[in-house]
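Report on the structure given below.
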Amino acid sequence: MEQTAHNLQQQVELYGEPLGEVVRRITGQLGLTQGGLAQVIGLSAPMLSQLVSAQRVKIGNPAVVSRLRAVSELTDLAVAGGIEPDRVAHELDEIRAATGAYTRPTTAHLARSAAPGQPAAGPVAGQPIDPPARFLRPTTYVGELPPSPSARSVVREIQDLFRAVASAEEIQQAAAAVDSPAIAELLLAYGTGRTADALAHYERHHG
């Protein structure tokens, strides 16, 4: 029991919430079985079950993390009414086929990008755009527009990589051990911080 609680806390540090909650939100809203979700993200059903029950802590493959994030974003979009229900299956197929960062157009983006008084444009194959502003942990922007799509995409890939190779505790220990404050800040911003903090760091150094 203590080990399960410890594993759940580790998942919160890595992903912002327990993976069981992520999976239950997705399957409940999109009508997927847990096995069906496992197929979409490219993970075996037994492995996903162990992650949901916190027998295991971490997803080792960054591409699987990216696909799970994409399905989570699609879930949020569906809940908000930002995508037609009959488009969900198509989007899930696209996520299943993805091998890295999820950069396909979304209904919300297409509606934003349409000229005033004009209908939203259809998807443009291969056109990278910004996905919905939610990872497995929420990101909130108060009083400003979200950062550029390219910045968010880069930051998420860096976060995925950090969280695939080390726990939050290991990253904190590494940051405490280095002599350079700038390197320590980088490790903490991308390895343990919220997405908004990592984006602020990225924008500050790549503005």
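We count residues from 1, following the sequence as given.
- Nearest heavy atom pair, residue Ala184 against residue Ala175, reads CB-O, 3.5 Å.
- In the model, Arg25 has no side-chain atom that pairs as donor or acceptor with a side-chain atom of Thr75 under 3.5 Å.
- Here the straight-line distance linking atom CG of Leu8 with atom CD of Glu21 works out to 8.5 Å at 0.5 Å rounding.
- The side-chain heavy atoms of Val88 and Leu77, taken from C-beta on, include no pair separated by under 4.5 Å.
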Item to check | Trace of the side-chain hydrogen bond (donor to acceptor under 3.5 Å, both in side chains) decision for Asn7 with Gln3 | outcome: CA-CA 6 Å; Asn7 290 352; Gln3 185 61 50; 2.8 Å; yes
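- Distance check, rounded to the nearest 0.5 Å: CD1 of Ile95 to OG of Ser66 gives 11.0 Å.
- Counting all heavy atoms, side chain and backbone alike, Val40 lies closest to Arg67 at O-CD, 3.7 Å.
- Between Leu187 and Ala174 the shortest heavy-atom distance is CD1-C, 4.0 Å.
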Checklist entry - Would Val71 and Ile41 satisfy side-chain contact (heavy atoms from CB on, under 4.5 Å), going step by step from the backbone distance to the final call? => result CA-CA 8 Å; Val71 180; Ile41 64 176; 4.2 Å; yes
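- In this structure, Ile183 is a member of the same hydrophobic cluster as Leu186, with clusters built from ILVMFWY side-chain heavy atoms closer than 4.5 Å.
- Proximity of Glu73 to Arg69: side-chain heavy atoms (C-beta onward) are separated by under 4.5 Å at one or more points.
- Here the side chains of Leu37 and Leu30 are not in contact, with every heavy-atom distance at 4.5 Å or above.
- For Glu185, the CD atom is densely surrounded, since the number of other residues' heavy atoms within 6.0 Å is greater than 12.
- Considering CG of Leu199 and CZ of Arg204, their distance stands at 11.5 Å, rounded to 0.5 Å.
- Listed here is the closest heavy atom pair of Ile171 and Ala166: CG1-CB, 3.9 Å.
- Contacts classified as side chain to side chain donor-acceptor pair (under 3.5 Å) and involving residues 39-53 (residues at least two apart or in different chains) are given here: Gln50-Arg56, Ser53-Gln55.
- Atom OG1 of Thr192 and atom CD of Gln159 lie 10.0 Å apart (nearest 0.5 Å).
- Nearest heavy-atom pair, Ala54 versus Gln11, reported as atom, atom and distance to 0.1 Å: CA-NE2, 4.1 Å.
- Once rounded to the nearest 0.5 Å, the distance linking NE2 of His201 with CG of Leu188 reads 9.5 Å.
- Contact check for His90 versus Arg87: side-chain heavy atoms found under the 4.5 Å cut-off.
- Side chains of Leu43 and Leu51 form a contact here, defined as non-hydrogen atoms less than 4.5 Å apart.
- Ring-plane geometry between Phe162 and Tyr190 is classed as parallel, the angle between the planes falling under 30 degrees on a 0 to 90 degree scale with a further cut at 60.
- Glu169 CD to Gln10 CD: the interatomic distance, rounded to the nearest 0.5 Å, is 6.5 Å.
- Considering Val52, Ile59, Val12 as possible partners of Leu19, the one that fulfils the side chain to side chain contact (heavy atoms under 4.5 Å, CB included) test is Ile59.
- You'll find the side chain of Asn61 stays beyond 4.5 Å of the side chain of Val65, heavy atoms only.
- Here the shortest heavy-atom pairing between Gly35 and Ala45 reads CA-CB, 4.5 Å.
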